Amino acid sequence: MSKVVLHVTMSLDGFMAGPDISVEHPMGRGGLRLHEWIFASDSDVDTVVSREVSASTGAVVLGRRTFDVGVEVWQDTPFPVPCFVLTHAPRSRLVMKSGSFTFLTGDVRGALRQAEAAAGGKDVTLMGADIAQQALRAELLDEINLQIAPVLMGEGRRLFDHLGTEHIELERTRVLTSPHVTHLRFRVRYARGTPSGETSLQGLGS
């Protein structure tokens with residue numbers, strides 16, 4: 001059964017990218033520091049978590065900005081699965097080596113519905129702060145797989161802005177640590193509640 005999951009690394013002061021995000025600096029200035037646990041870690045814990053993310057992802061929903069700054073770095077889809085780009089500027093489907101990008105002009109609900117259909121029962125992974133915020137506001141995000149990097153960045157792109165003033169309760173389901181990062185996993189508990197065993201995608205309909 002597909003879940004909507006946000007996999008993201010954040011600094012201790014709440015930034016998921018550095019300032020001045022651009023094609024030249026896809027993670028913002030200094031933002032690569034956040035992902036050292038992926039590219040420069042010899043920890044078995046970090047390796048296991050990274051492999052879990054890849055193995056569980058069946059489709060991706062991302063924003064146009066994330067696509068624009070990331071595609072040259074990836075030279076492919078970010079995961080070898082169908083990827084859906086939510087955008088105001090439509091364009092034709094882009095086929096890459098390991099998957100494809102489909103560009104959608106609707107809302108996050110429609111994008112998640114299409115991603116679920118393509119995910120083959122695996123998770124729908126979200127990429128980008130704006131998409132994550134839209135899914136949270138729509139009460140469609142099931143889990144947050146959050147990596148806390150031991151650094152204070154001071155400035156950059158915050159992950160949890162623009163969510164309003166209502167509390168969103170989280171249930172912590174896992175804590176793992178390595179010398180490079182603390183891995184936290186949460187189940188999102190919305191005020192409306194989600195029946196046991198169901199996911200947010202089940203409420204979308206066809």
Side-chain angles (χ1 to χ4, degrees), residues 1-17 27 31 33-63 66 78-81 83 108 112 115-116 119-153 157-161 163 166-204:
M1 184 182 301
S2 295
K3 301 187 300 292
V4 179
V5 183
L6 172 65
H7 302 285
V8 66
T9 304
M10 185 175 74
S11 66
L12 190 59
D13 53 347
F15 296 101
M16 50 85 69
M27 286 296 299
R33 165 65 183 86
L34 297 173
H35 288 172
E36 287 181 3
W37 72 273
I38 300 174
F39 303 113
S41 173
D42 58 1
S43 166
D44 290 341
V45 171
D46 294 338
T47 299
V48 167
V49 172
S50 183
R51 287 176 178 171
E52 283 180 355
V53 172
S54 296
S56 64
T57 296
V60 174
V61 175
L62 64 157
T66 301
F79 294 89
V81 299
C83 297
V108 70
L112 289 173
E116 179 195 18
K122 291 187 175 184
D123 293 342
V124 175
T125 288
L126 303 185
M127 293 184 65
D130 185 60
I131 291 295
Q133 291 161 13
Q134 289 183 54
L136 272 168
R137 289 196 299 267
E139 299 189 357
L140 293 173
L141 179 61
D142 294 303
E143 294 185 2
I144 300 172
N145 181 31
L146 179 65
Q147 281 56 241
I148 301 293
V151 60
L152 301 173
M153 293 185 64
R157 181 72 160 101
R158 288 194 180 276
L159 178 57
F160 294 121
D161 278 345
L163 295 178
E166 295 295 323
H167 290 185
I168 300 174
E169 296 289 340
L170 306 174
E171 176 188 353
R172 191 181 66 199
T173 59
R174 186 170 76 171
V175 180
L176 298 173
T177 61
S178 83
H180 306 280
V181 74
T182 300
H183 302 276
L184 302 170
R185 193 157 186 128
F186 299 93
R187 184 177 297 114
V188 185
R189 299 173 60 190
Y190 299 106
R192 61 169 170 77
T194 300
S196 178
E198 291 191 7
T199 68
S200 294
L201 286 172
Q202 288 179 276
L204 286 178

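Heavy atoms only: backbone and side chains are in, while hydrogens, waters and symmetry mates are out. If you read the sequence from its start, that first residue is 1, and numbering goes on from there. Since the model is a prediction, treat every value here as computed from it, not as a measurement.
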Could you go through Asn145 and Leu6, starting from their C-alpha distance and side-chain angles, then the distance that decides it, and tell me whether this counts as side-chain contact (heavy atoms from CB on, under 4.5 Å)? CA-CA 6 Å; Asn145 181 31; Leu6 172 65; over 6 Å; no
Please test Arg185 against Val5 for side-chain contact (heavy atoms from CB on, under 4.5 Å), starting from the C-alpha separation and ending with a verdict. CA-CA 10 Å; Arg185 193 157 186 128; Val5 183; 3.8 Å; yes
Run the side-chain contact (heavy atoms from CB on, under 4.5 Å) check on Arg137 and Ile168 step by step: do they pass? CA-CA 10 Å; Arg137 289 196 299 267; Ile168 300 174; over 6 Å; no
Trace of the side-chain contact (heavy atoms from CB on, under 4.5 Å) decision for Leu136 with Phe160: CA-CA 9 Å; Leu136 272 168; Phe160 294 121; 4.1 Å; yes
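At a threshold of 4.5 Å between non-hydrogen side-chain atoms, the residues Leu170 and Val188 count as touching. Between Asp46 and His183 there is a side-chain heavy-atom pair separated by less than 4.5 Å. Using a 4.5 Å heavy-atom threshold, the side chains of Thr57 and Lys122 count as separate.
Interatomic distance, CD1 of Ile131 versus CG of Leu112, reported as 8.0 Å (0.5 Å rounding). In this structure, Met10 CE and Phe15 CZ are separated by 10.5 Å, a value rounded to the nearest 0.5 Å. Atom-to-atom distance recorded for Thr125:OG1 and Lys3:NZ is 9.5 Å, nearest 0.5 angstrom. Residue Trp37 holds its CH2 atom at 9.0 Å from OG1 of Thr47, rounded to the nearest 0.5 Å. The structure places CE of Met16 at 7.0 Å from CZ of Arg157, a figure rounded to the nearest 0.5 Å.
Within a 6.0 Å radius of CG in Asp44, other residues, nucleotides and ligands contribute 12 heavy atoms or fewer.
The closest donor-acceptor contact from the side chain of Ser2 to the backbone of Asp123 lies at 3.5 Å or more, if one exists at all. Judged purely by atom type and a 3.5 angstrom limit, Glu36 has no side-chain atom pairing as donor or acceptor with the backbone of Ser41. No donor-acceptor pair closer than 3.5 Å links the side chain of Thr182 to the backbone N or O of Ser178. Although no hydrogens or angles enter the test, the distance criterion places a donor-acceptor pair under 3.5 Å between the side chain of Ser56 and the main chain of Val53. No donor-acceptor pair under 3.5 Å is formed between the side chain of Thr9 and the backbone N or O of Gln147. Side chain of Asp142 to main chain of Val4: a donor-acceptor pair is present (N/O by atom type, distance under 3.5 Å, no hydrogens or angles).
Here the shortest heavy-atom pairing between Gly31 and Met153 reads CA-CE, 4.1 Å. Between Leu159 and Gln133 the shortest heavy-atom distance is O-NE2, 2.9 Å. Residues Leu34 and Met27 come closest through the heavy atom pair CD1-CE, 4.4 Å. Minimum interatomic distance between Pro78 and Met127 (heavy atoms only, all atoms of both residues): CG-SD, 3.6 Å. Of all the heavy atoms in Ile148 and Val181, the pair that sits closest is O-CG2, 3.2 Å. Taking both residues in full, the closest heavy atoms of Ala138 and Val108 are given as CB-CG1, 4.4 Å, listed atom of the first, atom of the second, then distance.
Sorted by first and then second residue, the pairs that involve residues 169-179 and meet salt bridge (Lys or Arg N to Asp or Glu O under 4.0 Å), not counting sequence neighbours, are Glu52-Arg174, Glu171-Arg187.
Not counting sequence neighbours, the partners of Ser11 by the side chain to side chain donor-acceptor pair (under 3.5 Å) test are Asp13.
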